[in-house]
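Written below as structure tokens is the structure these notes are about.
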Amino acid sequence: EAKPGTPLSRSAIVANPASIDGVVSWTIETRGHRGPIEAIAMSPDGRLAATGSVEGVIRLWDLTDASLEKMLVGMLVGYDGSIRALDWSPDGRYLAAGYSSEVIRLWDVNRRQLVRVIRARVEGADSLAWSPDGRSVAFYVRGEGQESPWRIRVCPIEKDKGTTLGEDVVVNTDFESQGPAWEPSGQRVWFFCHTKQRQAYYPMVAADVESGQLTVVDYPQRCTTPNDLAINLGDPVPEIVFVAHDGLPKDLFIVFLNHY
């Protein structure tokens, strides 16, 4: 727990903030980022762009006139504040931020209020995906060690423990995999899986968020090295698109899952 006089983070401009009654810590910030921008995300209505950099401060830019609208600054005591990923909730109310210190923070943008801090493991904080109803965020997670299998963690905005789903999820860490793919209903999360292989390819798997039940979809048969999944959320029937090897070149596959 931070004590009065503690800097907001290791990269805060004010390293020794003076004591102010009722204030734990404070700092000043430049209008623009103080290092390379490592994450950017557009708001659902297209009005704002959120950007994150090494100093751990989220800047929100009004795209109508390129002005700085607000900053989101929170305590990162003892952590590396570099922001690696940003993702807006579908209604634009919340913004999820993944940090290089394996911390995920959920912000209420309009109120400029931090509503939840989630500890992720390894590179999990880089892979953020909001549920279609905007009430939960999903990301990849695994135990200690590079050989530990990947799973999917789903955490609601409310502060409960959340749910861990899936088995041995295929995650492409070399190319910074996108977050897990929600289907339009929000009832299931889709991913590729290692341990559900029945032939020499990776099948798609759907995990029910409430029960954890897995549904295996063995299609297409020749995709031996799949990358990220994406789902059309505008259609109640899941339409999944992904990139995979079918021979030497990479191909784009679209699967219409109208019977799963």
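Of the N and O atoms on the side chains of Thr164 and Arg153, at least one donor lies less than 3.5 Å from an acceptor on the other residue.
With sequence neighbours left out, Asp91 forms a salt bridge (charged side-chain N to carboxylate O under 4.0 Å, His left out) with no residue at all. Checked against salt bridge (charged side-chain N to carboxylate O under 4.0 Å, His left out), Arg135 has no partners two or more places apart in sequence or in another chain. Taking Asp208 as the reference, nothing meets the salt bridge (charged side-chain N to carboxylate O under 4.0 Å, His left out) condition, with sequence neighbours excluded.
For the residue pair Trp88 and Pro44, the shortest heavy atom distance occurs at CB-CD, 3.8 Å.
Cluster membership check: Ile40 does not share its hydrophobic cluster with Val54, using side-chain heavy-atom separations under 4.5 Å among Ile, Leu, Val, Met, Phe, Trp and Tyr. No continuous path of hydrophobic side-chain contacts links Ile58 to Leu63 [ILVMFWY only; heavy atoms under 4.5 Å]. No continuous path of ILVMFWY side-chain contacts below 4.5 Å connects Ile37 to Met42, so the two sit in separate hydrophobic clusters.
The backbone N or O of Glu183 sits nowhere less than 3.5 Å from a side-chain atom of Trp190 that would complete a donor-acceptor pair. Remark: the backbone N or O of Tyr140 is paired with a side-chain donor or acceptor of Ser127 at under 3.5 angstrom. Panel note: side chain Ser53, backbone Pro36; a donor-acceptor pair is recorded below 3.5 Å. With hydrogens and angles disregarded, no donor-acceptor distance shorter than 3.5 Å links the side chain of Ser89 to the backbone of Gly134. Not one N or O on the side chain of Arg188 forms a donor-acceptor pair closer than 3.5 Å with the backbone of Val209.
Pro156 places a side-chain heavy atom less than 4.5 Å from the side chain of Ser136. In this structure, the side chains of Arg84 and Tyr99 stay at 4.5 Å or more apart for every pair of heavy atoms. Contact annotation: the side chain of Trp130 approaches that of Leu106 to within less than 4.5 Å [non-hydrogen atoms, C-beta and beyond].
If you take CG on Leu165 and CD on Glu210, they are separated by 10.0 Å, rounding to the nearest 0.5 Å.
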Check against side-chain contact (heavy atoms from CB on, under 4.5 Å), Trp150 and Val141: CA-CA 6 Å; Trp150 287 96; Val141 65; 5.6 Å; no
Stepwise side-chain contact (heavy atoms from CB on, under 4.5 Å) test for Tyr94 and Ile157: CA-CA 9 Å; Tyr94 298 103; Ile157 296 174; 3.3 Å; yes
Full working for side chain to side chain donor-acceptor pair (under 3.5 Å) between Thr51 and Trp61: CA-CA 8 Å; Thr51 55; Trp61 306 89; 2.9 Å; yes
